[in-house]
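The structure appears right after this line, and notes come after that.
Throughout, protein chains are lettered first and strands after them, A, B, ... in sequence-line order, and every chain is numbered starting at 1.
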Protein chains: 4
Amino acid sequence: MSEGGPSRTAHHGNRHGRSERARQAVLEAADDLLVERGFAGVTIEGIAARAGVAKQTIYRWWSSKVDVLIEAFVDDMAQYLTPPDEGDLEHRLRTHLSRSARFLTRTAPGAVFRALAGQAQHDPEVAARFRAECLGPLRALDRLPLERAVERGELPPDTDLDFAVDQLVGPLYYRVLVTGHPVPEEFTDALVERFLALTRLPIQ
Amino acid sequence: MSEGGPSRTAHHGNRHGRSERARQAVLEAADDLLVERGFAGVTIEGIAARAGVAKQTIYRWWSSKVDVLIEAFVDDMAQYLTPPDEGDLEHRLRTHLSRSARFLTRTAPGAVFRALAGQAQHDPEVAARFRAECLGPLRALDRLPLERAVERGELPPDTDLDFAVDQLVGPLYYRVLVTGHPVPEEFTDALVERFLALTRLPIQ
Amino acid sequence: MSEGGPSRTAHHGNRHGRSERARQAVLEAADDLLVERGFAGVTIEGIAARAGVAKQTIYRWWSSKVDVLIEAFVDDMAQYLTPPDEGDLEHRLRTHLSRSARFLTRTAPGAVFRALAGQAQHDPEVAARFRAECLGPLRALDRLPLERAVERGELPPDTDLDFAVDQLVGPLYYRVLVTGHPVPEEFTDALVERFLALTRLPIQ
Amino acid sequence: MSEGGPSRTAHHGNRHGRSERARQAVLEAADDLLVERGFAGVTIEGIAARAGVAKQTIYRWWSSKVDVLIEAFVDDMAQYLTPPDEGDLEHRLRTHLSRSARFLTRTAPGAVFRALAGQAQHDPEVAARFRAECLGPLRALDRLPLERAVERGELPPDTDLDFAVDQLVGPLYYRVLVTGHPVPEEFTDALVERFLALTRLPIQ
DNA sequence: TCTTAAGCGAGACGGTACGTCCGGTCTTGAA
DNA sequence: TTCAAGACCGGACGTACCGTCTCGCTTAAGA
């Protein structure tokens with residue numbers, strides 16, 4: 001992509017493989033349109049026009065606008081969310097949850113995520129892809145601090161990590177996607193506090 | 001259709017007031033289409049055709065298909081969810097949560113709710129109406145057992161009920177709307193158990 | 001439909017019958033585009049844009065651009081070609097043939113006719129409609145002077161009129177559509193002269 | 001072509017000169033598509049696919065599908081039409097006209113001719129090439145018997161041959177391209193009879 | 001003998017127009 | 001005044017071809 005590349009100059013058509021330039025332009029155009037005009041404002045024709053790309057080029061590589069948005073999300077997600085690995089468990093969880101809240105409510109990929117989560121309610125196929133390709137990686141990041149905590153003896157070895165994740169992030173997503181309430185740090189901190197309080201109880 | 005009676009056919013028009021028949025037919029048609037074909041399969045033209053109603057009649061009384069679905073949801077919701085008032089707090093909460101899970105995942109109004117929650121991600125106006133008219137009543141039902149528990153001394157009087165509701169139902173909605181995991185009774189029971197365990201802690 | 005009309009002002013939609021305004025605008029736009037840009041320059045989208053009409057309105061009433069052009073031709077044809085009924089047979093035939101040549105080569109409906117004749121070579125359905133709706137009336141006009149001549153005794157009563165028409169106008173159409181040669185009055189006059197010379201022969 | 005040859009696969013490329021194999025395949029594919037699916041069914045992509053040839057190879061040597069069809073017609077025409085040179089003028093003309101009618105209505109190159117004549121109505125450039133390369137040779141063949149007749153004294157030396165050709169074949173083309181009527185031998189014979197009858201008149 | 005440049009297959013690209021679906025507005029005539 | 005009916009303008013859909021381009025292979029003339 002950088003050094004040498006197949007060709008420095010823009011080109012149309014290429015026997016081996018697609019145009020990276022077109023791919024990037026499409027993903028960015030979709031992202032931009034979503035942020036600027038909302039999900040209904042994202043249309044294949046609009047993406048094509050803004051990306052300076054032919055509609056057929058989009059249909060050649062993606063099956064729908066949702067497909068484009070999923071790829072855009074996956075491309076962008078990584079750079080936003082890596083759970084911290086410093087300090088004690090409480091600090092790490094607090095940081096991760098508050099970063100997650102910020103990611104979901106304030107960033108462009110967060111907006112894409114919310115749109116895809118919305119569309120997943122309307123279409124089982126979208127739901128499946130959304131869960132596999134968008135939610136999966138996110139959830140893996142959510143598990144990471146807990147897995148490390150188990151390894152380090154900060155949590156009992158028989159902890160049900162899936163249930164723990166549901167307890168920790170469930171209320172967060174509920175606020176973001178359902179009630180629309182803001183998610184201040186006090187809220188995420190309180191979630192962490194309650195969660196950790198339970199781990200110190202003799203019961204379970 | 002031609003000869004005879006004042007009219008064999010349903011009446012067209014009514015000088016005074018709207019046609020209740022048309023209203024019901026529209027709401028049912030919208031409901032049915034949602035369940036049969038999903039949100040994208042619900043169109044104003046489709047509703048009109050199935051309800052035997054003119055498009056204009058729909059636009060006269062509703063502003064969009066979402067508006068129709070909200071009204072359909074409000075009409076149906078009541079009969080499904082009334083939190084129980086028997087037994088102790090744990091039992092009441094368990095029953096309510098498991099009923100809520102069933103409502104969201106297995107009933108027609110639950111499907112409407114999920115579709116509206118999805119559309120709320122795409123459109124702030126929908127989000128506002130959805131929260132006010134659909135989520136509000138549900139959330140009031142979620143608070144009810146906790147409010148009663150405070151009155152009866154089963155919970156401390158300074159309990160933050162909104163936060164409590166978020167903790168209790170957040171993971172449930174998260175599963176239903178985000179991860180798509182099933183929501184068995186073990187899950188809702190565990191949520192209640194953790195929640196009540198915390199109320200017995202000296203902290204808070 | 002003419003005086004007073006259902007409404008002086010433009011309107012959208014009408015329970016009973018279509019918009020005459022839209023119909024006229026479409027036919028004129030098609031005519032204009034054909035003359036200005038040729039047959040390939042006539043597109044449904046182009047007609048719609050120039051007529052200020054939605055594509056669907058065109059598809060509702062016509063099945064293709066050829067369908068539009070046929071109707072445009074039929075609408076316009078009448079005012080151009082009425083064979084004269086003054087003078088003797090030779091004069092009437094000369095006038096009619098030279099008018100026909102002018103019609104085909106110099107007028108807008110003539111251009112439409114040539115385009116449709118061309119398209120008829122590509123599509124049997126177009127050919128059938130073209131012959132029934134465009135050529136038929138024209139050919140009836142071609143027969144008229146000969147029929148009158150038979151009635152008046154200027155031609156023998158057993159004359160094969162169809163063959164006579166082929167002989168008279170065949171070379172004309174051949175020049176216009178095939179060789180592209182000009183069709184001056186000398187040419188049409190000579191055709192008439194030869195044709196009449198034969199009627200004076202004892203043979204037949 | 002499969003086993004043994006210097007190469008199993010068809011050759012790709014040739015430093016000097018084009019591939020005759022590709023040329024033939026393209027012309028045949030175009031011919032076949034025209035006969036099977038009509039003019040609209042002939043597309044550059046379709047020709048390329050059926051001929052097993054790259055689109056670019058077509059564009060390298062031809063400028064359009066019409067260009068391909070013209071070359072296909074020229075390649076095929078010769079073998080069909082050579083006016084006979086036996087018997088008296090009447091017999092030779094009768095034979096030539098009835099063969100011409102058969103050629104135009106019943107043979108593959110005849111179908112190509114009709115399609116090109118159609119397209120010539122839509123595009124002046126096509127018209128020019130069509131007249132020069134397709135019609136010219138045919139018309140030369142039409143003149144040939146008349147020229148010979150003049151040489152042999154069967155026709156007066158001052159006969160206007162172009163006009164004679166128009167008279168003889170005009171009605172034939174008119175039937176084929178315009179009215180779509182069948183062209184039986186009686187028709188062509190009658191044309192010849194009338195034409196010759198005039199040459200025996202004192203007038204002209 | 002070894003280059004090397006032209007012809008070739010494949011196919012991605014930016015476009016244009018297609019014919020369809022639906023949205024939301026408007027008008028009509030009957031009830 | 002509301003209703004069923006349905007024509008209207010508008011805009012996006014997904015498809016088919018257009019004509020251009022790049023690519024890597026094949027091949028034969030000439031260095």
Has C/R18 got its NZ or CZ under 6.0 Å from the middle of the six-membered ring of C/W61, at an angle within 45 degrees of the ring axis? yes

Side chain of [X] - closest among [options]:
X: A/R60; options: E/dG14, E/dC18, E/dA12; value: E/dA12
X: C/Q56; options: E/dC21, E/dC18, E/dC13; value: E/dC21
X: A/T43; options: F/dC8, F/dC13, F/dA16; value: F/dC13
X: A/E45; options: E/dG7, F/dA12, E/dC13; value: F/dA12
X: A/A22; options: E/dC8, E/dC13, E/dG19; value: E/dC13

Expressed as a whole number of angstroms, how long is the span from [X]:[atom1] to [N]:[atom2]?
X: D/E20; N: F/dA28; atom1: CD; atom2: P; value: 16 Å
X: D/I44; N: E/dA10; atom1: CD1; atom2: P; value: 16 Å
X: A/Y59; N: E/dG11; atom1: OH; atom2: C1'; value: 21 Å
X: A/R21; N: F/dT22; atom1: CZ; atom2: P; value: 13 Å
X: A/R18; N: F/dT22; atom1: CZ; atom2: P; value: 19 Å

Aromatic ring pairing B/F113/B/F73, orientation class (parallel under 30°, perpendicular over 60°, tilted between): tilted

Side-chain donor/acceptor contact of A/K55 with base of E/dG15 under 3.5 Å: no

Taking any heavy-atom pair under 4.0 Å as a contact, classify B/G52: base, sugar-phosphate, or nothing. sugar-phosphate

